[in-house]
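Following: one structure in structure tokens, then a few remarks.
Letters A, B, ... are given to chains in the order of the sequence lines, protein chains preceding strands, and every chain is numbered from 1.
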There are 2 protein chains.
Amino acid sequence: MSQTVGRALSILPLLAEGPANLEQVASRLDVHKSTALRLLRTLHEHGIVYRQPDQRYRLGARLFALAQEAVENLDVREIAHPHLAELNAACGHTVHLAVYEEDEVLYIDKVESRYPVRMYSRIGKPVAITVAAVAKLLLADLPEPERRAVAERLDYPRYTSRSTPDAAAFLAELAKVREQGWATDLGGHEESINCVGAPIRGAEGRVVAAMSVSAPNVVVSADELLSLLPRVRRTAEAISAEYVGQPTLPQPTGGRHPHPRHKRAAP
Amino acid sequence: MSQTVGRALSILPLLAEGPANLEQVASRLDVHKSTALRLLRTLHEHGIVYRQPDQRYRLGARLFALAQEAVENLDVREIAHPHLAELNAACGHTVHLAVYEEDEVLYIDKVESRYPVRMYSRIGKPVAITVAAVAKLLLADLPEPERRAVAERLDYPRYTSRSTPDAAAFLAELAKVREQGWATDLGGHEESINCVGAPIRGAEGRVVAAMSVSAPNVVVSADELLSLLPRVRRTAEAISAEYVGQPTLPQPTGGRHPHPRHKRAAP
DNA sequence: GGAAGTCGTTGCATATTCTGCAACGACCAT
DNA sequence: ATGGTCGTTGCAGAATATGCAACGACTTCC
């Protein structure tokens with residue numbers, strides 16, 4: 001909508017890859033150096049980017065501070081953490097917490113495995129949405145039309161031979177997950193890694209987050225991991241219970257949609 | 001420099017406080033609703049802000065992802081973490097890692113105390129710059145003119161009776177810290193909390209980060225905490241050694257300053 | 001040691017882009 | 001029904017961002 005702001009924001013992912021100098025930024029934005037300079041200066045004034053001693057720019061500290069504040073406002077995280085830690089203490093595997101937002105699922109918390117062989121993942125990193133157990137749980141709860149729309153919008157990379165191949169398969173899987181109330185990822189992302197997950201529900205039973213336990217084959221077999229399912233579900237339910245118990249006033253007004261999603265064209 | 005971008009960026013700290021609707025944003029930016037709408041839409045397109053089901057805006061997931069990438073590029077953090085964890089395992093207290101950036105010092109890592117009574121702090125939150133041990137360490141290493149300029153720019157809130165009262169006192173303290181190579185905060189921020197810190201040095205001996213151990217009076221006395229100093233210094237030195245050992249190509253060119261800081265006016 | 005080459009910076013004229021306005025539509029309350 | 005809130009849209013005017021060209025600081029190459 002706003003070209004200038006759009007350009008400025010495009011600089012951020014670019015700098016996230018690593019420090020860059022003025023010319024690199026200008027050429028990747030496809031604007032004149034002077035334009036890039038002004039944008040960078042503005043970002044700098046706001047502490048979003050930082051200028052290194054060698055004059056190159058990188059993402060600044062305030063961005064980090066902002067993001068940190070943002071996550072802290074996600075009450076699910078606060079509530080869930082102790083439960084996740086407890087589960088990790090009990091089984092020793094990596095435990096993840098994830099939320100869905102605009103075609104992306106991302107980890108917002110994680111308790112590391114206590115085994116030396118670990119799964120790689122990163123808080124804040126988008127999840128492999130078509131295969132991850134947490135992603136299935138979150139998408140399975142979307143209202144039918146939207147679920148369908150999202151499924152068709154996605155790409156289906158073949159990470160492994162067991163990755164979800166296409167939208168149809170994914171929708172079928174989502175239906176199953178929705179039905180049974182839990183989900184798995186058996187080698188769909190990394191051949192040797194399995195996950196079991198369960199949904200965390202807020203008021204009115206909507207899925208607000210999802211959690212999972214992940215472990216590589218070399219540590220426990222898929223069957224052994226599945227045997228943890230009851231425990232995982234109990235943890236998710238405990239979090240849900242606590243979450244609905246004292247939700248810090250989420251969505252005061254029910255739902256107002258001045259412009260409904262699927263509006264009919266005017267006559 | 002760029003008004004539009006500036007306005008858009010001003011929305012971020014505002015939303016960090018909590019979700020807000022269009023009107024609130026518009027009035028706090030002091031612009032027309034339609035203007036605020038366009039800015040928010042642009043931020044939304046880039047995933048920086050998210051629109052809740054109740055139509056209010058809050059900071060989005062991508063901001064979180066970006067920030068996460070940003071910190072990961074700070075190699076000090078990667079290198080330091082295991083050492084901090086080890087120190088925590090040994091003494092049980094809260095361990096912090098902080099960096100300085102443009103008049104701000106902020107925590108970039110933290111290992112929580114294992115005692116029930118803990119100091120409150122938050123990764124990503126700006127540190128009380130005039131009293132914190134880590135802040136003293138970082139500022140003490142600035143070149144003299146800048147150190148002075150910063151000290152005079154700062155505010156000196158009287159958190160407690162032992163807070164640094166003014167710029168003169170602060171500069172004196174910094175000189176001492178610079179001299180002795182370590183720093184303390186004895187009840188300067190919270191009456192009952194003490195800290196001991198040591199600097200982490202990069203190539204050429206410049207201080208690139210600082211670490212500290214904090215504990216409340218009720219757990220250990222200031223003297224007992226001070227007895228940890230040798231250990232803290234050793235940890236900081238171990239991190240420094242590892243950091244200079246394999247710095248992932250920081251600052252390739254030495255220093256180019258097309259426009260020197262203190263340029264004389266043209267004749 | 002001079003000359004050519006980088007790279008960041010500045011002032012300015014142009015026109016592109018953003019702004020505020022006013023009116024509308026959807027929704028809620030009374 | 002009626003009035004009120006809040007988000008959304010199209011438009012004309014004007015403020016704002018843009019690209020250009022030239023310069024200064026610095027490096028490198030001959």
(message) Under the rule for side-chain hydrogen bond (donor to acceptor under 3.5 Å, both in side chains), what residues qualify as partners of H46(A), not counting sequence neighbours?
(response) none
(message) By nearest heavy atom, map Q24(A) and T4(B) onto DNA chain C; which one lands nearer the 5' end?
(response) Q24(A)
(message) F170(A): which residues meet the ring-ring contact (aromatic ring centres under 6.0 Å, His included) condition with it, sequence neighbours left out?
(response) Y156(A)
(message) Counting only side-chain heavy atoms from C-beta out, which of dT9(C), dC18(C), dC21(C) sits nearest to S34(B)?
(response) dC21(C)
(request) Provide, to the nearest angstrom, the distance between the CZ atom belonging to R7(B) and the C1' atom belonging to dC18(C). (result) 9 Å
(request) Let me know the distance between CE of M1(A) and C1' of dT9(D), rounded to the nearest Å. (result) 10 Å
(request) Using salt bridge (Lys or Arg N to Asp or Glu O under 4.0 Å) as the criterion, list what pairs up with R206(B), not counting sequence neighbours. (result) D141(B)
(message) Is a donor from one side chain sitting under 3.5 angstrom from an acceptor on the other, for D109(A) and H81(A)?
(response) yes
(message) Going by salt bridge (Lys or Arg N to Asp or Glu O under 4.0 Å), name the residues that satisfy it together with R41(A), two or more places apart in sequence or in a different chain.
(response) none
(request) Ignoring hydrogens and angles, state whether a donor on the side chain of Y57(B) or R51(B) is under 3.5 Å from an acceptor on the partner side chain. (result) yes
(request) State, to the nearest 10°, the angle formed by the axis through the first five base pairs of the helix from dG1(C)-dC30(D) to dT30(C)-dA1(D) and the axis through its last five. (result) 40°
(message) Can you pull out every salt bridge (Lys or Arg N to Asp or Glu O under 4.0 Å) where at least one residue sits in residues 18-33 of chain B? Sequence neighbours excluded, please.
(response) E17(B)-R28(B)
(message) Tell me the interatomic distance from Q3(A), atom CD, to dT16(C), atom P, rounded to whole angstroms.
(response) 11 Å
(message) Just to be sure I understand the geometry, which residues of residues 36-45 of chain B put a non-hydrogen atom under 4.0 Å away from DNA chain C?
(response) R38(B)
Run the side-chain donor-acceptor check on residues 97-104 of chain A: report pairs under 3.5 Å with partners two or more places apart or on a different chain.
unit_1: Y100(A); atom_1: OH; unit_2: D103(A); atom_2: N; d: 3.2
unit_1: E101(A); atom_1: OE2; unit_2: A61(B); atom_2: N; d: 2.8
unit_1: E102(A); atom_1: OE1; unit_2: H44(B); atom_2: NE2; d: 3.0
unit_1: D103(A); atom_1: OD1; unit_2: R153(A); atom_2: NH2; d: 2.9
unit_1: D103(A); atom_1: OD2; unit_2: R153(A); atom_2: NE; d: 2.8
unit_1: D103(A); atom_1: OD2; unit_2: R153(A); atom_2: NH2; d: 3.3
unit_1: E104(A); atom_1: OE2; unit_2: R62(B); atom_2: NH2; d: 2.5

(request) Could you tell me the separation between the CG atom of L29(A) and the C1' atom of dA17(D), rounded to a whole number of Å? (result) 14 Å
(request) Let me know the distance between CG of L22(B) and P of dT8(D), rounded to the nearest Å. (result) 7 Å
(request) Apply salt bridge (Lys or Arg N to Asp or Glu O under 4.0 Å) to K176(B) and list each qualifying residue two or more places apart in sequence or on a separate chain. (result) E173(B)
(request) Round to the nearest Å and state the distance from Q55(A) atom CD to dC26(D) atom C1'. (result) 11 Å
(request) Please report, rounded to the nearest Å, how far the P atom of dT10(C) is from the NE2 atom of H32(A). (result) 14 Å
(message) Using whole Å, what does the distance between atom P of nucleotide dA22(D) and atom NZ of K33(A) come to?
(response) 13 Å
(request) Please tell me which of the listed nucleotides, dT8(D), dG8(C), dG19(D), lies nearest to the side chain of Y57(B)? (result) dT8(D)
